[in-house]
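Positions are given from 1 along the sequence. FYI, side chains are in, hydrogens and waters are out, and symmetry mates aren't considered; it's all heavy atoms of this structure.
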Amino acid sequence: MTTPAPAPFGTRLRAAMDARGPLCVGIDPHPSLLADWGLGDDVAGLERFTRTVVDALAGRVAVLKPQSAFFERFGSRGIAVLERAVADARAAGALVLMDAKRGDIGSTMAAYASAYLDPAGPLFSDAVTVSPYLGFGSLRPALDAARAAGAGVFALALTSNPEGAEVQHAVRPDGTTVAASVLTALKAENAAEAAEGRLGSYGAVVGATLGGTAHRLGADLAIDGPLLAPGIGAQGATPADLPAVFGAAVRNVVPSVSRGVLRHGPDAASLVAAASRMADEVRAVAE
C-alpha cells in the first residue's frame, strides 16, 4: 500500500493557528530561567524544565520552538532530552519548529536537512529555521527535503538583532537589498501552494521590533507563506506592533514568545494562562 503524501506544512500551520491561536512559544532553557524556576543548570534541570513546558503547552498552542543550542550544550544527554521533547510535543498536537538556524552548502546542508526533515530521524520536526547567507541556493537540500516530507523551512530575512543589518540591509548589484531578495525567493518557493489558495510552507523570520524597516528597504513581506516574528515580550514588541511591521501580511504572522510566557513557570496553570492571553492579544490584531 502506498503511504499517502503528508499534508504540506503551510496547510497544517494554518489549521493549527485557526484552532489554537496564532502563537509560537519558544522552549529556551536559559541558565537564568532554570535558576528562576529553582532548577539546576544541568541535565536534570533541563529535562524538568522541558517536560514541564511540553506537558503544559503542547496540547494547547499551535507551535513549540525548541532552541537547539540550549540542548546541545549538554552533549548527547541534552540531545536525548530534545528528542523526547520533539516526539512528545508532536504527539500532543503541537507543530514543532526546530530553531537551529543551520546554513551550509552541498552535502553538509543535505546532512542538516536529513537531521531535522527526514521523517525517519529522531529529531524530525515540522519545520526548521535556516540561514540563507551562503546564498539562497545553498538551501536547496533543505527546501527539497521539506517539500518531500510535508515539512517547512523558515529562512532568516530581517532579524531584530542590530548586527543583522550589515548583511540584510546591504544592496545587491541589481539595486535590491539582500533581505528583499530572500523574501522574493521564498515567495517563488510558495507559488504552487499559493496558486491553490493555501498558505505556503516556506517562511521568513522577520523581527517584530523592526517597525517600518521592511517598507523602507523595499522588502515585500507578502511571500504567501508564514512570517515568524520573534521579539514579542522581553525584546520590547507587543502584539499591537504587528500591523505596523507586517501590514496586510499580518494574518500570516506567527509571533514567537519565549521568556514572556516561560517566566510564569514552573506552575503549569500559569504557563497556560500566559500563553492564552498572548494568543488572544495576537488574534485581536490579526483579524
Holding to salt bridge (Lys or Arg N to Asp or Glu O under 4.0 Å), I want the full list of residues that pass it with [X], two or more places apart in sequence or in another chain.
{"X": "Arg51", "result": "none"}
{"X": "Glu196", "result": "Arg198"}
{"X": "Asp144", "result": "Arg140"}

Specify the closest pair of heavy atoms between [X] and [Y], including all atoms of both residues, with the distance to one decimal.
{"X": "Gly21", "Y": "Arg283", "value": "CA-NH2, 3.0 Å"}
{"X": "Leu183", "Y": "Ile223", "value": "O-CG2, 3.5 Å"}
{"X": "Ala249", "Y": "Leu227", "value": "CB-CD1, 3.8 Å"}

> Mind checking whether Val257 and Cys24 have side chains closer than 4.5 Å, heavy atoms only?
Replying inline: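 Result no, sub-4.5 Å side-chain heavy-atom pair not found.
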> Counting only heavy atoms not in Ile105, do more than 12 fall under 6.0 Å of its CD1?
Replying inline: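 Counting other residues, nucleotides and ligands, CD1 of Ile105 stays at 12 neighbours or fewer.
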> Is there a donor-acceptor contact under 3.5 Å from the side chain of Asn190 to the main chain of Tyr202?
Replying inline: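 Yes, Asn190 side chain to Tyr202 backbone: donor-acceptor pair under 3.5 Å.
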> Does Thr184 reach the main-chain N or O of Ala180 with its side chain, forming a donor-acceptor pair under 3.5 Å?
Replying inline: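 Pair found, side chain donor or acceptor close to backbone of Ala180.
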> Going through the checks in order, is the side chain to side chain contact (heavy atoms under 4.5 Å, CB included) test met by Ser68 and Tyr116?
Replying inline: CA-CA 11 Å; Ser68 180; Tyr116 304 112; 4.2 Å; yes
> Which is it for Phe154 and Phe9 under the side chain to side chain contact (heavy atoms under 4.5 Å, CB included) test, yes or no, and what are the steps along the way?
Replying inline: CA-CA 11 Å; Phe154 285 85; Phe9 171 72; 3.7 Å; yes
> Checking salt bridge (Lys or Arg N to Asp or Glu O under 4.0 Å) for the pair Asp42/Arg48: CA distance, chi angles, key distance, verdict?
Replying inline: CA-CA 10 Å; Asp42 51 27; Arg48 178 71 177 273; over 6 Å; no
If you measure from the Lys or Arg side-chain nitrogens to the Asp or Glu carboxylate oxygens, is any gap between [X] and [Y] under 4.0 Å?
{"X": "Asp126", "Y": "Arg12", "value": "yes"}
{"X": "Lys187", "Y": "Glu193", "value": "no"}
{"X": "Arg77", "Y": "Glu47", "value": "no"}

>> Would you say Leu242 ends up clustered with Val61 if hydrophobic residues are merged whenever their side chains have heavy atoms under 4.5 Å apart, either directly or through other cluster members?
In response: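 Linked within one cluster.
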> If you round to the nearest 0.5 Å, how far is CZ of Arg259 from CG of Asp28?
Replying inline: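 Here the interatomic distance stands at 8.0 Å.
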>> Quick check for you: to the nearest 0.5 Å, what is the distance between Ile232 atom CD1 and Asp241 atom CG?
In response: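 The CG atom of Asp241 is 6.5 Å from CD1 of Ile232, to the nearest 0.5 Å.
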>> For the residue pair Asp99 / Gln67, report whether a side-chain donor-acceptor contact shorter than 3.5 Å exists.
In response: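 There is such a pair (donor and acceptor under 3.5 Å, judged by atom type) between the side chains of Gln67 and Asp99.
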> Where do Gln168 and Thr177 land on the side-chain hydrogen bond (donor to acceptor under 3.5 Å, both in side chains) test, with the steps shown first?
Replying inline: CA-CA 7 Å; Gln168 296 158 16; Thr177 60; over 6 Å; no
